Amino acid sequence: MSGAAQRNTMQKSIVLETVRSMHDHPTADMVYDDLHNNYPTISKATVYRILGQLSANGEIRKISVTSGADHYDFNISHHYHIICMKCGAVADVVMDSIPQVEEPAEYISDSCGYTVCGGTVLFSGICPHCRG
């Protein structure tokens, strides 16, 4: 493995572990800020590029937010998110006790004829901190 390839692999591993250690659905800037303290030579462009690769490969989940920066989630299992309309914080929505459509992709395909390739649900509201 060449030096550049080894460095890229190490950087990818470092970025992935940083996202996995941050349980607050960080933005790329938040990941960069956290990383930069311990790895001052890593560039912001590198962090953005690696986050894009990790989400494209399904190793992390990208949460696209229309009114701000994308957020990232280490939890790639099927679940929903909510964003605070005041501070922009993103949190998981726990829906264990709420009935869900078992296979929403099949339901959508049957009801409108589309072949579903993916999707997200992002609720909005006011977080407890901003409400308090």
Side-chain angles (χ1 to χ4, degrees):
M1 184 179 293
S2 72
Q6 186 175 15
R7 182 178 68 245
N8 289 338
T9 301
M10 286 175 40
Q11 289 174 334
K12 182 178 176 184
S13 176
I14 291 166
V15 170
L16 179 59
E17 287 308 312
T18 300
V19 172
R20 286 182 177 162
S21 73
M22 300 175 81
H23 292 256
D24 56 354
H25 301 84
T27 63
D29 284 344
M30 292 166 70
V31 174
Y32 170 76
D33 290 344
D34 191 74
L35 271 170
H36 193 69
N37 293 329
N38 295 319
Y39 304 95
T41 59
I42 195 165
S43 73
K44 190 177 278 194
T46 298
V47 172
Y48 274 75
R49 178 180 50 78
I50 292 172
L51 287 170
Q53 290 172 352
L54 290 170
S55 63
N57 293 340
E59 296 177 72
I60 60 174
R61 178 185 300 244
K62 180 169 90 171
I63 305 163
S64 296
V65 177
T66 56
S67 61
D70 293 335
H71 290 251
Y72 294 90
D73 192 352
F74 70 93
N75 181 356
I76 57 173
S77 68
H78 178 73
H79 65 286
Y80 303 111
H81 295 97
I82 188 164
I83 184 166
C84 179
M85 297 182 322
K86 288 190 175 189
C87 70
V90 174
D92 291 333
V93 175
V94 179
M95 297 181 67
D96 293 338
S97 62
I98 300 172
Q100 297 181 43
V101 175
E102 199 61 38
E103 282 298 327
E106 283 182 30
Y107 175 79
I108 293 167
S109 294
D110 290 344
S111 67
C112 64
Y114 278 68
T115 299
V116 177
C117 299
T120 60
V121 173
L122 181 63
F123 297 98
S124 61
I126 307 296
C127 73
H129 177 45
C130 290
R131 203 177 54 240

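All heavy atoms count here, side chains included; hydrogens, waters and symmetry mates do not. A quick note: this is a predicted structure, and the numbers were derived from the prediction, not measured.
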**Item:** Pairwise side-chain contact, F74 with H23, heavy-atom cut-off 4.5 Å (strictly under)
**Value:** yes

**Message:** Suppose we screen for side chain to side chain donor-acceptor pair (under 3.5 Å). Which residues come up paired with T41, at least two apart in sequence or across chains?
**Reply:** none

**Nearest-0.5 Å distance that lies between atom NE2 in H71 and atom CG in D24** = 9.5 Å

**Closest heavy-atom pair and its distance - M30, M22** = O-CE, 3.8 Å

**Asked** What pairs of residues pass the salt bridge (charged side-chain N to carboxylate O under 4.0 Å, His left out) test when at least one of them lies in residues 80-89, not counting sequence neighbours?
**Response** none

**Prompt:** With sequence neighbours excluded, what pairs up with H81 under the ring pair (Phe, Tyr, Trp, His ring centres under 6.0 Å) test?
**Reply:** H25, H79

**N57 side chain to E59 backbone, donor-acceptor under 3.5 Å** = no

**Item:** Side-chain heavy-atom pair D92, Y80 within 4.5 angstrom cut-off
**Value:** no

**Prompt:** Got a sec, which pairs hit salt bridge (charged side-chain N to carboxylate O under 4.0 Å, His left out) with one end in residues 123-132, sequence neighbours left out?
**Reply:** none

**Message:** Show the nearest heavy-atom pair for residues C127 and C87, with the distance to one decimal.
**Reply:** SG-SG, 3.8 Å

**Asked** Taking V15 as the fixed residue, which of I60, T46, I42 is the one that meets the side-chain contact (heavy atoms from CB on, under 4.5 Å) rule?
**Response** I42

**Complete:** In this structure, CG of D34 is separated from NE2 of H36 (nearest 0.5 Å) by 12.0 Å

**Complete:** For D70, the side chain to side chain contact (heavy atoms under 4.5 Å, CB included) test, sequence neighbours excluded, returns K62, S64, Y72

**Complete:** Applying side chain to side chain contact (heavy atoms under 4.5 Å, CB included) to I14 and not counting sequence neighbours gives T18, L35, Y39

**Distance-minimising heavy-atom pair for S77 and N75** = OG-OD1, 2.6 Å

**Message:** The criterion is side chain to side chain contact (heavy atoms under 4.5 Å, CB included); which residues satisfy it with A91, sequence neighbours excluded?
**Reply:** I82

**Message:** Is there a path of hydrophobic side-chain contacts, each under 4.5 Å between heavy atoms of I/L/V/M/F/W/Y residues, joining L54 to Y32?
**Reply:** yes

**Message:** How long is the straight-line distance from OG1 of T66 back to CG of L122, given to the nearest 0.5 Å?
**Reply:** 7.5 Å

**Request:** Could you pull out all residues at least two apart from D33 that satisfy salt bridge (charged side-chain N to carboxylate O under 4.0 Å, His left out)?
**Result:** none

**Complete:** Contacts of E17 meeting side chain to side chain donor-acceptor pair (under 3.5 Å) (sequence neighbours excluded), chain-then-number -> R20

**Item:** Contact list for residues 41-70, test ring-ring contact (aromatic ring centres under 6.0 Å, His included), sequence neighbours left out
**Value:** none

**Request:** Just jot down the side chain to side chain donor-acceptor pair (under 3.5 Å) partners of T27, sequence neighbours excluded, or say none.
**Result:** none

**Request:** Identify the heavy atoms of I76 and G58 that sit nearest to each other, and give their distance.
**Result:** CD1-O, 3.3 Å

**Message:** Applying side chain to side chain donor-acceptor pair (under 3.5 Å), can you list everything that pairs with R49, at least two apart in sequence or on another chain?
**Reply:** none

